[in-house]
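Note sheet for the following structure.
Proteins come first, then strands; the chains are lettered A, B, ... in the order of their sequence lines, and each starts at number 1.
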Number of protein chains: 2
Amino acid sequence: MAEVIDRRALRTRKALHSALMSLILRKGYEATTIQDIIDEADVGRSTFYGHYTGKEDLLRNGFQILRRELTDAQRAARAGTDGAQDEPLGFSRAMFEHAAGYADVYLAMVGGRGGVVAISELRKVLSEFVRKELPAARDDGAVSRELVVQFVVGTLLTVLTWWLERRPGLTPSQADAMFRRLALNGAGASIRTRSRVG
Amino acid sequence: MAEVIDRRALRTRKALHSALMSLILRKGYEATTIQDIIDEADVGRSTFYGHYTGKEDLLRNGFQILRRELTDAQRAARAGTDGAQDEPLGFSRAMFEHAAGYADVYLAMVGGRGGVVAISELRKVLSEFVRKELPAARDDGAVSRELVVQFVVGTLLTVLTWWLERRPGLTPSQADAMFRRLALNGAGASIRTRSRVG
DNA sequence: TATGATGATGAACACCATGTTCGGTATGGT
DNA sequence: ACCATACCGAACATGGTGTTCATCATCATA
């Protein structure tokens, strides 16, 4: 887990990660067996266990890569626009863009195919970002800060899922607009049309 | 799956369901094996397979019970208040009350312990309810109706999870109030406090 | 209360994934 | 060229799976 230098080890790890990805896309995480992974990656059984303790370990490890990529995308976006987006929830845009690039992977994670692990890990990563984005949201007595964070993350995932599953035609910025609207203003405007039949 | 009449069959099914519940609470769904279930339920291996095709089948089946209970609670609540709650999202209150009664089970489902199956099944049940509650929400060009449904369900689950995991002391009606506020008005009010350091 | 039907039992089965061990081989860094 | 180290692959014990079958218990009726 510490400093990996040897090329052979790197090769092996990459092979295992991409094998797991292919398999998740093909048959889902739960249904994927370690046997499948090492077959797909052409790696010896003992080699696998030399690197990871099991498939969950392998998957969790993969999310560190995602975290890094997202952080970079974040920085790049911020630099590109001269730091002009201090808007609330300014980070979401870069996220939707990133998701557009890896639509198949995100779709697998966000649909059921990544198992509980993927969802909870994704939530964890997103929570970090959102928490950074809401540095001083006042904890008005009504709704606690942590609940707001969870709410924003939940909305992000809802829009993301809906986008990838049912409206893949939309652009990232369109999806982002819907996210912002829901997260900031809620669904009140779309709901208050109840027939108040006296 | 059809008409079950024989007492013996009913006994067996009940035993299996409650065994699965105990085990999910104790060690989580994924970690629970069929062996565990039939041991806990004191039921023969072949008997299990005579009723269900596997543990997933058993769990899915259990959610039909939940659906029925929720529907009843719904009807009861509506009857109790002389149909006075035509408010938007009026159904949520009964749901939080119900959750308070089975806090441990809900907690297991909503945390990771119920596996992907439980979460997706719970989402399905809740989506039905929400869809019924938003009969004619206008599909304003901005946000599609189905997205609104998913958003409301997501918010419901977010608040539910946060409540059961971190603020179990709150009353159902307090949790419900937070849900309403977030679902209807979003988090804008809690967020627009960014330090706009020029 | 006797009876036929149906459900439950539990042992036995082949099958497959798991996680570990170990002697041997190939490839890396220097 | 050397040696450390990563990989290999076969073998192993373990444990869960899903099925079958003969036997026994319990149910619904007459």
[X] has an atom [atom1]; how far is it from atom [atom2] of [N], in whole Å?
X      : N       : atom1 : atom2 : result
L58(A) : dT18(C) : CG    : P     : 12 Å
I34(A) : dG16(D) : CD1   : P     : 16 Å
L23(A) : dA17(C) : CG    : P     : 13 Å
E56(B) : dG18(D) : CD    : P     : 11 Å
F48(A) : dG19(C) : CZ    : P     : 8 Å
I38(A) : dT20(C) : CD1   : C1'   : 13 Å
I37(B) : dG16(D) : CD1   : C1'   : 12 Å
Y52(B) : dT19(D) : OH    : P     : 17 Å

With a distance cut-off below 6.0 Å to the six-membered ring centre and an angular limit of 45° from the axis, does R13(B) pair with Y52(B) as a cation-pi contact?
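The answer is yes, since R13(B) meets both limits relative to Y52(B).
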Answer yes or no on whether K132(A) is positioned over the face of F91(A), meaning its NZ or CZ is under 6.0 Å from the six-membered ring centre and within 45° of the axis.
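No; the conditions do not both hold, so K132(A) does not lie above the ring face of F91(A).
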Could you tell me whether K27(B) atom NZ has more than 12 heavy atoms of other residues or ligands within 6.0 Å of it?
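Yes, enclosed.
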Check D72(A) with R68(A), please: is the shortest side-chain N to carboxylate O separation under 4.0 Å?
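Between D72(A) and R68(A) there is no salt bridge, as every charged N stays at least 4.0 Å from the carboxylate O atoms.
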By the 4.0 Å heavy-atom rule, please label D42(A) as base, sugar-phosphate, or nothing.
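Sugar-phosphate: the residue D42(A), judged by heavy atoms under 4.0 Å, touches backbone atoms but no base.
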Please determine whether a side-chain nitrogen or oxygen atom of [X] lies at a distance below 4.0 Å from atom OP1 or OP2 of [N].
X      : N       : answer
T33(B) : dG16(D) : no
H51(A) : dC7(D)  : yes
T47(B) : dG7(C)  : no

The side chain of R45(A) lies closest to which of these nucleotides: dA11(D), dC7(D), dG16(D)?
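Shortest atom-to-atom distance from the side chain points to dA11(D).
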Could you check which of dT19(D), dT20(C), dA17(C) has an atom nearest any side-chain atom of Y49(A)?
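Looking only at side-chain atoms, Y49(A) lies closest to dT20(C).
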Distances under 3.5 Å only, N/O to N/O: pair up the protein atoms with those of nucleotides 22-28 of chain C.
unit_1, atom_1, unit_2, atom_2, d
dT27(C), O2, R8(A), NH1, 2.6
dG28(C), O4', R8(A), NE, 3.3

Residues that, via side-chain heavy atoms closer than 4.5 angstrom, fall in one hydrophobic cluster with V116(B):
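Members alongside V116(B): V116(A).
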Would a line drawn from the ring center of F96(B) to the ring center of W163(B) be shorter than 6.0 Å?
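Yes, ring centres under 6.0 Å apart.
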Return the 5'-most residue of the pair T32(A), V43(B) with respect to DNA chain C, ranking by each residue's nearest nucleotide.
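The 5'-side residue here is V43(B).
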Polar contact flag, side-chain donor to acceptor under 3.5 angstrom, Q174(B)-R167(B)
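Result is no, nothing qualifies.
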